[in-house]
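Take a look at the structure set out below.
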Amino acid sequence: RFKAVIFDLDGVITDTAHYHYLAWKQLAESQGVHFDHEFNEGLKGIDRMGSLDLILASATRSYTPEEKLALADVKNRHYQELIATMSSADLLPGAVEALDAVRAAGLRIGLASVSKNAFTVLGRLGITDKFDYVVDAATIARGKPDPEIFLRAASELGVAPADCLGVEDAVAGVASIKSAGMFALGIGHPFVLTQADVVITSLKEFNLAAY
Ligand code: G6P
Ligand code: MG
């Protein structure tokens with residue numbers, strides 16, 4: 001039925017969400033902003049500057065664009081330290097099996113992550129060559145929930161959006177897939193990912209023939 005499957009990275013293939021959490025928490029608290037797991041949930045799938053804006057909205061003062069860039073850089077360097085030791089052991093259960101099942105079915109495989117660290121993470125996980133096309137987040141103007149990143153992946157794979165299955169763990173990501181006109185497979189809880197066509201708990205339950 002589908003001609004391509006386009007995966008999100010963070011929270012779908014590997015759990016970098018925890019590293020983003022640690023790095024944002026330190027940055028937020030350095031600016032006197034309380035930061036917890038609940039706040040972090042709302043940042044999933046949101047790009048770096050968008051996430052920073054959401055955090056600084058709770059700060060007691062305003063920030064110049066230069067200050068914001070400097071703070072985003074502090075967070076990113078901390079995040080890069082945290083991901084430097086990642087390896088194939090950090091692949092989420094079922095991720096490689098799902099990628100291999102899509103390949104075996106003869107479908108194209110794309111990656112649509114708004115993370116500018118996605119190439120580094122794929123390299124650390126040792127799965128770069130499993131993808132036919134990886135969107136370079138630096139070339140994307142509008143982050144999720146805008147459909148731009150999933151539409152870019154589909155067009156680079158040479159497949160119509162209606163023939164694509166998108167896989168996402170974030171509310172903003174599922175919204176991006178749906179507004180791109182694709183079938184959305186959510187990874188998480190149905191009561192959170194309400195816009196998804198089907199929701200499974202993890203890629204361990206991935207079954208291409210079922211969607
Ligand atoms: C993913 C994560 C977000 C993160 C974003 C940007 O979408 O889910 O939590 O903020 O990527 O990541 P970056 O590595 O570019 O700062
Ligand atoms: Mg994600």
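Numbers for residues simply follow the sequence, beginning at 1. Counting starts at 1 for both ligands and their atoms, following the listed order. Worth saying up front: this structure is predicted, and the values here are computed from it rather than measured.
- Of all protein heavy atoms, the one closest to atom 9 (O) of ligand 1 is Leu43 O, 3.5 Å.
- Between Lys44 and ligand 1, no N or O atom pair is found at a separation short of 3.5 Å.
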Report the C-alpha separation of Arg152 and Thr139 in whole Å, then their side-chain angles, then the decisive distance to 0.1 Å, and conclude whether the side chain to side chain donor-acceptor pair (under 3.5 Å) test is met. CA-CA 10 Å; Arg152 170 78 64 80; Thr139 67; 2.8 Å; yes

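- Both cation-pi conditions hold for Arg1 and Phe183: the charged atom is under 6.0 angstrom from the six-membered ring centre and inside a 45 degree cone around its axis.
- Across Ser115, Ala170, Gly173, Gly143, heavy-atom proximity to atom 13 (P) of ligand 1 is greatest for Ser115.
- A salt bridge links Arg103 to Asp132: one of the charged nitrogens lies within less than 4.0 Å of a carboxylate oxygen.
- Here Arg48 contributes atom CZ and Trp24 contributes atom CH2; the two are 7.5 Å apart, rounded to the nearest 0.5 Å.
- Atom 3 (C) of ligand 1 has Ile46 O, 3.5 Å as its closest protein atom, hydrogens excluded (heavy atom only).
- Residue Glu168 does not count as close to the Mg ion (ligand 2), with no N, O or S atom under 2.8 Å.
- Remark: ligand 1 atoms within the under-4.0 Å shell around heavy atoms of Ser51 are 10 (O).
- The closest protein non-hydrogen atom to atom 2 (C) of ligand 1 is Asp10 OD2, 3.4 Å.
- Sorting the N, O or S atoms of Asp169 by how far they are from the Mg ion (ligand 2) puts OD1 first.
- Less than 4.0 angstrom separates some heavy atom of Asn117 from each of these atoms of ligand 1: 13 (P), 14 (O).
- Scanning the protein for heavy atoms near atom 7 (O) of ligand 1, the closest one is Val114 CG2, 3.2 Å.
- Under a 4.0 angstrom heavy-atom cut-off, Gly45 registers as being in contact with ligand 1.
- Checked against a 3.5 angstrom limit, the closest N/O atoms of Lys116 and ligand 1 fall inside it.
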